[in-house]
Amino acid sequence: MATTFKRPDKRKFDELREVEAKIGIIKRADGSAMFKFGDSVALAAVYGPRELIPKHKQDPEKALLRCHYDMISFSVTERKRPGPSRRSTEISYVTSKALEPVLQLDAFPNTVIDVFIMIIQADASTRCAGINAASMALANAGLPMTGLVSAVSVGKVAGEILTDLSKDEEDYGHDDKVKETTDIPIAYIPKLDKISLLQLDGRIKPQELKKAIEAAKKACLKINEIQTKALKQVND
Ligand code: ADP
């Protein structure tokens, strides 16, 4: 059946926004990167592995991966209250879990690896932009990794499965009593064929979820290529 829904920015349903990726943007960090999905821009800086202080928090078997996600106050149209929130705590936690499968944390006992993710402009999918930037920053820091983590938000808007939701799309039909959109951020590791993050805000049928996951994997393969290219450019 032909659909009447059109994306506000005229993209195809499976099309990403303009993606940009760059590494080595923060000289004092051990590794750093920028990742952009359209108007969502994330910076990531990695410090470590370095000795974890206080010592009683050290793990003699592995490094501690600490992710810190934050948005600057003017990254959104209405000024965001500065400082941590329940949302930033949750995103920091799921980001660590999304990145852990590619890191060999047991190679660096008693240490900490800090990953600071700063969203300097937000237009939805910032946790995914942050994961993409962080994954590149970890590689830029020279850490041994079994693959790069790539993330994208897929979802259901007006009955259609879309790739890389913008804020306009996330908010589609928001005035109605029933929320019409379903937002599904997914992180995928092509090298391991493993999904390391899947969150779901909204409702979706099992068949549609399958379709959304396939769309996310396809988009993540493209993102992975862009991340890899950016990493090679500086090292060439
Ligand atoms: P994600 O950015 O990963 O999609 P959310 O679904 O929580 O995470 O947020 C969706 C979008 O809502 C953000 O990308 C941003 O554009 C907007 N947003 C989030 N928090 C705020 C806030 N405190 N004030 C204004 N807009 C916000």
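As the structure is a computational prediction, the values presented were derived from the model and not from experiment. The figures here come from the full heavy-atom set of this structure, side chains too, leaving out hydrogens, waters and symmetry mates. As the structure lists them, so they are numbered: ligands from 1, and atoms in each ligand from 1.
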Shortest reach to atom 2 (O) of ligand 1 by a heavy atom, considering only I131, V76, T126, L165: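 It is T126 that holds the nearest heavy atom.
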Name of the residue among D201, T126, D183 meeting side chain to side chain donor-acceptor pair (under 3.5 Å) with S153: D183
Quick test: of every protein heavy atom, which one is nearest to [atom], and how far off is it to 0.1 Å?
| atom | value |
| --- | --- |
| atom 15 (C) of ligand 1 | A122 CB, 3.8 Å |
| atom 7 (O) of ligand 1 | R87 NE, 2.6 Å |
| atom 17 (C) of ligand 1 | K167 CE, 3.6 Å |

Proximity flag A124 to ligand 1, non-hydrogen atoms under 4.0 Å: yes
Non-hydrogen atom of S125 closer than 4.0 Å to ligand 1: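 Contact check S125 vs ligand 1: positive.
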Side-chain donor-acceptor pairs under 3.5 Å in residues 206-214, sequence neighbours left out?
{"from": "E208", "atom 1": "OE1", "to": "K156", "atom 2": "NZ", "distance (Å)": "3.0"}
{"from": "E208", "atom 1": "OE1", "to": "K205", "atom 2": "N", "distance (Å)": "3.0"}
{"from": "E208", "atom 1": "OE2", "to": "K156", "atom 2": "NZ", "distance (Å)": "3.2"}

Any N or O of R127 closer than 3.5 Å to N or O of ligand 1: yes
Salt bridge flag under 4.0 Å for residues [X] and [Y]:
| X | Y | value |
| --- | --- | --- |
| D114 | R66 | yes |
| R7 | E169 | yes |
| R11 | D164 | yes |

Donor + acceptor pair across side chains of Y188, N224 (<3.5 Å): no
Donor on one side chain, acceptor on other, Q227 and S150, under 3.5 Å: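 There is such a pair (donor and acceptor under 3.5 Å, judged by atom type) between the side chains of Q227 and S150.
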Side chain, backbone, both or neither: the part of E170 lying under 4.0 Å from ligand 1 by heavy atom: side chain
Mode of D123 contact toward ligand 1 - side chain, backbone, both, neither (heavy atoms, under 4.0 Å): backbone
Element-labelled atoms of ligand 1 that are located less than 4.0 Å from some non-hydrogen atom of K80: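 With K80 as reference, the close atoms of ligand 1 come out as 23 (N).
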